[in-house]
Undergrad: 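Right, I'll just put the structure down here and ask away after.
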Number of protein chains: 2
Amino acid sequence: MAETPKSNLQLVAAKAGVSVSSVSRVLNGGSASPELARKVREAAAELGYVPHASARTMRTGRTDQITLAVADVGNPVYVQMMRTVTGIVAKAGYRLVVSSTGSDPQAQIDLVTSLNRGYADGLLMSPLRITEDLIEAMRSSRLPIVVIGTLPADVALDNVRADSATGIGLAVEHLVAQGRRRIALVNGPVDTVPGSARLAGYLAAVERFGLATSSELQVTATAFTYRAGRKATAALLGQASPDAIIGANDLLAVAALKELAAAGTRVPEDVAVVGMDDTDAAELATPSLTSVDLGSAKRAKAAAKLLIRRIQEPGAPVSRIVIPPALSVRESTGGPA
Amino acid sequence: MAETPKSNLQLVAAKAGVSVSSVSRVLNGGSASPELARKVREAAAELGYVPHASARTMRTGRTDQITLAVADVGNPVYVQMMRTVTGIVAKAGYRLVVSSTGSDPQAQIDLVTSLNRGYADGLLMSPLRITEDLIEAMRSSRLPIVVIGTLPADVALDNVRADSATGIGLAVEHLVAQGRRRIALVNGPVDTVPGSARLAGYLAAVERFGLATSSELQVTATAFTYRAGRKATAALLGQASPDAIIGANDLLAVAALKELAAAGTRVPEDVAVVGMDDTDAAELATPSLTSVDLGSAKRAKAAAKLLIRRIQEPGAPVSRIVIPPALSVRESTGGPA
DNA sequence: GAGGGGTTTGGGAACGTTCTTAAGAACGTT
DNA sequence: AACGTTCTTAAGAACGTTCCCAAACCCCTC
C-alpha cells in the first residue's frame, strides 16, 4: 500500500529546505546544528529515504561487498565455510556475493578479472585446481584476494591453509594404534590441490608407520562426491581387503560406509573408516564417522578476517596462516556413539 | 607482475584518439566504422579495460545482481535451492548475493528495506516466519520480490510454493499401505510457515485414513535441526510407541533414525521412518531415508525464472506456482537399497 | 564598532558510464 | 551546383553521492 517512491538527497534537501550537502553531512554524522539535523531527519524519514548504493560506491570506491568463490556450493565443506563467512562478513557490514566456479580454472580466471569491474571490495577463493595463469591473474588483480587453500611457496598472497599431511598422519596413527595394518585411501582427483595433498600425506604416513604401500590399497574417485565414492570403494573392495579406509573427504568416507554395509562388512569390527573435513555429514552418518577436522570453519573465519583487514589496510604484510588439524573420533573407528 | 592499472573510458578514448562516446558505442555494439572499431578495441585491450560496475548501474539502473535470502545457509534444503539458483542466475548474467537472515522477522524486514538501496535488481526469499509487517514491507518494495513458500491468499506477490499437505498425505498413504497405524510426527516449530503447514497436513491425512490422532504421537522440535530432532524423538519414544515416524524435514528424520538405532529399534522392521525435502542427506543416511520430495530444486528454479522474467517485464501478471510433491521410497520404509 | 576566530551552511566538482542531441562528412538527386 | 538524406562521430548532460572549499553567520575581544 504505502508505495515507496524513489527518493534521493535532492528531494530530501528540498523538503527540508536545506542544501544537498547539509543533508549528506547530517546523515553521515557530520557536525550540524540541532535544528538543521532535526529538519533533515524529519524529511528523510517522511520520504523513506535510503541512500543509493552505487552512487555511494561511485564516490567512495567502497562497495561493501565481498565475493566468495567456491567450486561447488553443494559440497558440505564449502557449505560450512559459507556459513562461517556469511556471519563474519555480515557483522563487518559487508554483503556476500557467492560464486560457484566449478573446478574449471578458466572460470576462476574469468572471475578474478571480472572482479576488476569493481563490484566487490575483495575476494575469498578456494581454488580446486591451481594453474600458472590463475596465479598470474590473482597476482595482477587490483583488489585484495585471500586464498583458502595451499599455494606454491613463492606466491605472495594472503593465504589460509589446512595441513592435510599432518591430518592424515593423525588418522593413520589412530588406526595403527588399533592394530590396523592394511589402510586404504579413497582419494579424489589427484590433479586437484586437496587430492594431491592428501595422497602425499597418506604416502608419508604409511611409510612413517612402516606399513605396506600397495597400490591396490589406493583408489581415486572421479570427483569428491558420494556417487564417485561408491564406485571407487567398490573397485577397492574388488581388488584388496583393507582393514581400514580413509576417505579424502567426508562424502567419500560416507560412500565407503554405505558400500561396506552393502557388502555385509561390519564397521568398525571388520573395517574402520575415517573421513576428512569433519562436516555435519560425519555426525549424521551411521555409524557416525570418525573424521579429521581440517579446520574448515576456522580457515574460513581466519580468511574472512584477513580479507577484511587487508581491505582496510592494503599495505599490511602478507600473511600465511596454517590451521592445525584435529581428529574427531566417532563410532566408525570404535569411538563413542 | 603485469599490474593492472585502473582504466576508464576516458583513458581508452585518449589512447585511441577518439571520443569517450565512441568508445562506449563500440564496446556496447553500436554502429561504427571498421577503422574506429579497430582502434578502440586495440586501445581497450592494451589498457586491459573493464567497465566499472557501479558507474554503469548509476546510468542504467541495472545492477546485474539478484539477492537470495534464506534462514540458514547450512540447512540442506536451502543448500539445494542455492545450488539451483546459482546456476540459473549465473546463466542469465546475474551475480548472486546470499543473505542469511535467521528466522527473525525483523532481520527480514531490514533486508527488504535495505534492498531499496538498489544493490540488486530483485529478491528471492524463503521466509520461515511471516508477519504482517514483513508482508507490508515486501508489498511496498520498489524492487521485484519472489517468495519461495506459502503466502496468505490475498498477497499479490509472485510466489512458488510446495504442497506439504499432499506431500504428507503421500507419506501417510505409503505407511498405511504397509499396515502402519501409529504414525508419529516429529515436527519443527509450529509458528513457522513449514511447521504449521506440516502439522495441518499430518492431521488431515491421519483423519482421512481413520487413524488415531493421539497427541502423544506429536512432538515439536525447537528448530529444524539434527540436535533438536534427537531430543524431540527421545521425548516421543518416551511417551508413545509409534510404528512409523514422519520427520518434518530430512534432518529431523535422520535424527529419528539415529535415536531409534541408539534405542536398539530396527528400521524399518519395527518402525518405519519418512523424511521431507528429499535432500542429499536422505540418500546418505543409513538406512537410506524414504523422503517426500517437496520439489525444492524445482521451486528454486521456478522462482528464479519468475524473478528474472519480472525484472525484464515488470508489468507481467502475478504468478502463483504450486510444485506437486512426490515420494522417494528408500530403505527406511522397506524400499530398495 | 571594527576586526578576528570559530562554527555552520551551501555551492559545485568529481566518480565512470550511457544516451540524447547535434554537428559534420559523405553521397546521391534534381 | 545546390540541396536533402544518411551515416559517422563528438559534445555534454545526467544518474546520486561525497567532500573540498568558500561564503555566511555568530560571538568575542580590543
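The sequence lines fix the lettering, A, B, ..., with proteins before strands; numbering per chain opens at 1.
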Undergrad: Can you list the residues that meet the side-chain hydrogen bond (donor to acceptor under 3.5 Å, both in side chains) rule with B:S24, with sequence neighbours excluded?
TA: B:N28
Undergrad: Could you list the residues that satisfy side-chain hydrogen bond (donor to acceptor under 3.5 Å, both in side chains) with B:D104, not counting sequence neighbours?
TA: none
Undergrad: List in chain and number order the residues that pass side-chain contact (heavy atoms from CB on, under 4.5 Å) with B:R62, two or more places apart in sequence or in another chain; answer none if no residue qualifies.
TA: B:T60, B:D64, B:Y94, B:D121
Undergrad: Suppose we screen for side-chain contact (heavy atoms from CB on, under 4.5 Å). Which residues come up paired with B:L143, at least two apart in sequence or across chains?
TA: B:L115, B:S141
Undergrad: Which pairs, with at least one residue in residues 15-26 of chain B and sequence neighbours excluded, count as a salt bridge (charged side-chain N to carboxylate O under 4.0 Å, His left out)?
TA: B:K15-B:E46
Undergrad: Report the stems of DNA chain C as range-with-range entries sorted by first number; a stem here is at least three consecutive pairs, Watson-Crick or G-U wobble, both distances under 3.5 Å, and write none if there are none.
TA: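 Only these stems qualify: C:1-30 with D:1-30.
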Undergrad: Think A:S31 has a side-chain N or O under 4.0 angstrom from the OP1 or OP2 of C:dT7?
TA: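 No.
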Undergrad: Check the distance between D:dC25's C1' and A:L36's CG and give it to me in whole angstrom.
TA: 14 Å
Undergrad: Which residue pairs pass the salt bridge (charged side-chain N to carboxylate O under 4.0 Å, His left out) test with at least one member in residues 86-98 of chain B, sequence neighbours excluded?
TA: none
Undergrad: Output one letter per nucleotide in nucleotides 22-27 of chain C: B when a protein non-hydrogen atom lies under 4.0 Å from the base, S when only the sugar-phosphate is that close, - when neither is.
TA: ------
Undergrad: Using a strict cut-off of less than 4.0 Å between a Lys/Arg side-chain nitrogen and an Asp/Glu carboxylate oxygen, indicate whether B:E35 and B:R38 qualify as a salt bridge.
TA: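 So B:E35 pairs with B:R38 through a salt bridge.
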Undergrad: I need a per-nucleotide contact map over nucleotides 16-23 of chain D, read 5' to 3'. Cutoff is protein heavy atoms under 4.0 Å; write B for the base, S for backbone only, - otherwise.
TA: BBBB----
Undergrad: Pairs in or reaching into residues 304-318 of chain B: which pass salt bridge (charged side-chain N to carboxylate O under 4.0 Å, His left out), with residues at least two apart or in two chains?
TA: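 For residues 304-318 of chain B, and leaving out neighbouring residues, the salt bridge (charged side-chain N to carboxylate O under 4.0 Å, His left out) pairs sorted by first residue read B:D158-B:R310.
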Undergrad: Checking A:S21 now: which residues fulfil side-chain hydrogen bond (donor to acceptor under 3.5 Å, both in side chains) with it, not counting sequence neighbours?
TA: A:S19
Undergrad: I'd like to check the side-chain hydrogen bond (donor to acceptor under 3.5 Å, both in side chains) partners of B:E132; sequence neighbours left out, ordered by chain and number.
TA: none
Undergrad: A:E35 CD to C:dT9 C1': how many Å, rounded?
TA: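 About 13 Å, once rounded to whole Å.
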